[in-house]
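These notes concern the structure reproduced below.
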Number of protein chains: 2
Amino acid sequence: MTTTSVQPPTDRRLERREAKLANILAEAWTLARRDGLAAISLRDLADAVGLRQPSLYVYFESKLDLYDAMFADGYRQLLAYINARRYSDDPRRALAKLVADCVQFSSNDVIRHQLLFQRTIPGFEPSAASFDVALDFYAIGRGMAEAAGVRTQAELDIFTALVSGLAHQQIANDPGGRRWVRLADQVVDMFLADLDRRHKTTTSTGGRR
Amino acid sequence: MTTTSVQPPTDRRLERREAKLANILAEAWTLARRDGLAAISLRDLADAVGLRQPSLYVYFESKLDLYDAMFADGYRQLLAYINARRYSDDPRRALAKLVADCVQFSSNDVIRHQLLFQRTIPGFEPSAASFDVALDFYAIGRGMAEAAGVRTQAELDIFTALVSGLAHQQIANDPGGRRWVRLADQVVDMFLADLDRRHKTTTSTGGRR
DNA sequence: GTCTATATTCGGATAGAC
DNA sequence: GTCTATCCGAATATAGAC
């Protein structure tokens, strides 16, 4: 019988582990920004956190599992980014702000955008648990869109296309900048005016849902 | 002096070479669709075209060079796709058709879309020659947008965001389908109506260019 | 939980004969 | 232009001691 008995996992053991995991993830993002998302190597990552490469397998059971953790982490960052802002009581102005924020968020980190919004890593698909984090975000977006007058799925589809289009162009042609971020207001106005026009002509007629 | 003298490269020698190159590219696309763009291996590619792996270096001097050839090839496919269509004399209807075609083109091949429109391969950047092919396409898009009334860079930026947003959502959420393709008309109408409104209120005032 | 040592596979790329 | 043979490096992943 040794003095170091088996500890219950609910302690500052878990806390320690979480902290280390967070550190690994942070370094993984740094490496990804330097070498490209698909070009991360577990050797480099281990070096960056002061471990030997096999020790990483204590925290992730495979490289794809690392991507999965990064995926969830990225969406948590997005949720934190959104939650840190105050949005107007006017649902239309709130929506415009949300769109600008989302585009800005993408512009802030191209690699993160790649992992969250583009399917670029061969073989990677987010786990159900990680995808749930993503769904939390999309629920917020949908809620604010509906508050601003979006009713049908087609209208929501157009809205999501507007947001991802702004983000994509921002990243592809002005990474880190604000060229398309600045257009968010105008685009949302355009979208809402179109909603108005369509809801006016087809009042309670073609309201398929 | 041997009987097989040095031939001038202008013959059906070049023709042969071009045909083989085209075949290699076709198989490369097939492999990319199967394994993912970043996961192509030159060994598999050589197998697919009945060559040994080192022989590929007669046609491409590196793997990135293969991607470069695929990039140019993809944009040539896009140009051919567009040129095979007839567009209305009404520039607004023509523009709506162009957008639908571009979104459909993306939907037809997710991998191709990835290479042409997303920066996903670490270390890959198109050569000047390949980029010129891309520019040919963007010149067409810009021309048709301007014919439909687009005047400023900001307006063009919004337009490109609309197209890439529709394409992105189509690919991400309904690959191979038409869910966002069908929305192209409505989105272009929305965009043009917004142009009208803006040009009406600020007639020849804020026409920065 | 972290280490050393190693398995295993696979990748792109080059040399040089034919 | 195609081949054989090979280099060299890098990758993920596992076994087992401490």
Side-chain angles (χ1 to χ4, degrees), chain A residues 1-25 27-28 31-32 34-70 121-124, chain B residues 2-25 27-28 31-32 34-70 121-125:
Chain A
M1 187 196 276
T2 61
T3 37
T4 56
S5 61
V6 178
Q7 303 287 347
T10 28
D11 252 322
R12 60 172 45 124
R13 280 170 103 86
L14 248 174
E15 200 174 303
R16 272 292 204 217
R17 189 188 166 90
E18 293 299 323
K20 193 134 200 176
L21 235 159
N23 184 35
I24 295 175
L25 281 178
E27 293 296 336
L31 276 180
R34 193 192 67 183
D35 300 335
L37 194 57
I40 303 178
S41 95
L42 298 185
R43 277 173 157 70
D44 289 351
L45 179 55
D47 280 354
V49 296
L51 285 179
R52 301 293 180 162
Q53 178 255 339
S55 303
L56 286 177
Y57 283 78
V58 173
Y59 300 94
F60 306 99
E61 57 186 32
S62 74
K63 193 180 182 183
L64 289 182
D65 193 43
L66 168 66
Y67 286 125
D68 192 53
M70 293 174 76
I121 306 288
F124 169 64
Chain B
T2 61
T3 36
T4 55
S5 60
V6 179
Q7 302 287 346
T10 30
D11 251 323
R12 61 173 46 125
R13 280 169 102 88
L14 248 173
E15 200 174 304
R16 272 290 203 222
R17 189 189 166 89
E18 295 299 321
K20 193 134 200 176
L21 234 160
N23 184 35
I24 295 174
L25 281 179
E27 293 295 336
L31 276 181
R34 193 192 66 183
D35 300 335
L37 194 55
I40 303 179
S41 96
L42 297 185
R43 281 175 155 74
D44 288 351
L45 179 55
D47 279 354
V49 298
L51 285 178
R52 300 294 178 159
Q53 179 254 341
S55 302
L56 285 178
Y57 282 78
V58 173
Y59 300 95
F60 307 100
E61 56 186 32
S62 74
K63 193 183 182 181
L64 290 182
D65 193 43
L66 168 67
Y67 286 125
D68 192 55
M70 292 174 76
I121 307 288
F124 169 63
E125 245 184 317

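Letters go in sequence order (proteins before strands), and every chain restarts at 1.
- Distance from the side chain of A/K63 is smallest to D/dA13 among C/dT2, D/dA13, C/dG12.
- Computed from coordinates, the B/L56 CG to D/dT4 P distance equals 13 Å when rounded to whole Å.
- Distance B/L51 CG to D/dG1 P: 11 Å, rounded to the nearest Å.
- For the pair B/Y59 OH and D/dC3 C1', the computed distance is 13 Å after rounding to whole Å.
- Atom CD of B/E18 has more than 12 heavy atoms from other residues, nucleotides or ligands within 6.0 Å.
- Between the CG atom of B/N23 and the P atom of D/dT2 there is a distance of 11 Å, given to the nearest Å.
- Protein atom CG of B/D44 is 9 Å distant from nucleotide atom P of C/dG12, rounded to whole Å.
- Here the closest non-hydrogen pair linking B/D65 and B/F60 is OD2-CA, 3.5 Å.
- Residue B/P122 comes nearest to A/A38 through the heavy atom pair CG-CB, 4.2 Å, listed as atom of the first residue, atom of the second, then distance.
- Among the atoms of the strands shown, none is found under 4.0 Å from any heavy atom of A/F60.
- When the side-chain nitrogen and oxygen atoms of B/Y57 are compared with OP1 and OP2 of D/dG1, none of them lie within a distance under 4.0 Å.
- For the pair B/R17 and B/V58, the tightest heavy-atom approach, listed with the atom from each and the gap, is NH2-O, 3.0 Å.
- Whole-Å rounding puts the A/L14 CG to C/dG1 C1' distance at 14 Å.
- At whole-Å resolution of the value, CG in A/L45 and C1' in C/dT2 are 15 Å apart.
- B/K20 has no side-chain polar atom (N or O) that falls below the 4.0 Å cut-off from OP1 or OP2 of D/dG1.
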Atom pairs and distances, side-chain donor-acceptor, residues 45-57 of chain A, under 3.5 Å, sequence neighbours left out:
{"unit_1": "A/S55", "atom_1": "OG", "unit_2": "A/R52", "atom_2": "O", "d": "3.4"}

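- Residues forming a side-chain contact (heavy atoms from CB on, under 4.5 Å) with B/A22 (at least two apart in sequence, or on another chain): none.
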Close N/O contacts between protein and nucleotides 4-7 of chain C (under 3.5 Å):
{"unit_1": "C/dT4", "atom_1": "OP2", "unit_2": "A/R52", "atom_2": "NE", "d": "3.1"}

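- Contact annotation for B/I40: backbone-only contact, meaning every heavy-atom pair under 4.0 Å involves sugar-phosphate atoms and none involves a base.
- The side-chain contact (heavy atoms from CB on, under 4.5 Å) test applied to B/D35 returns B/L31, B/A39, B/D44, not counting sequence neighbours.
- For the pair B/D65 CG and C/dG12 C1', the interatomic distance rounds to 14 Å; values are reported in whole Å.
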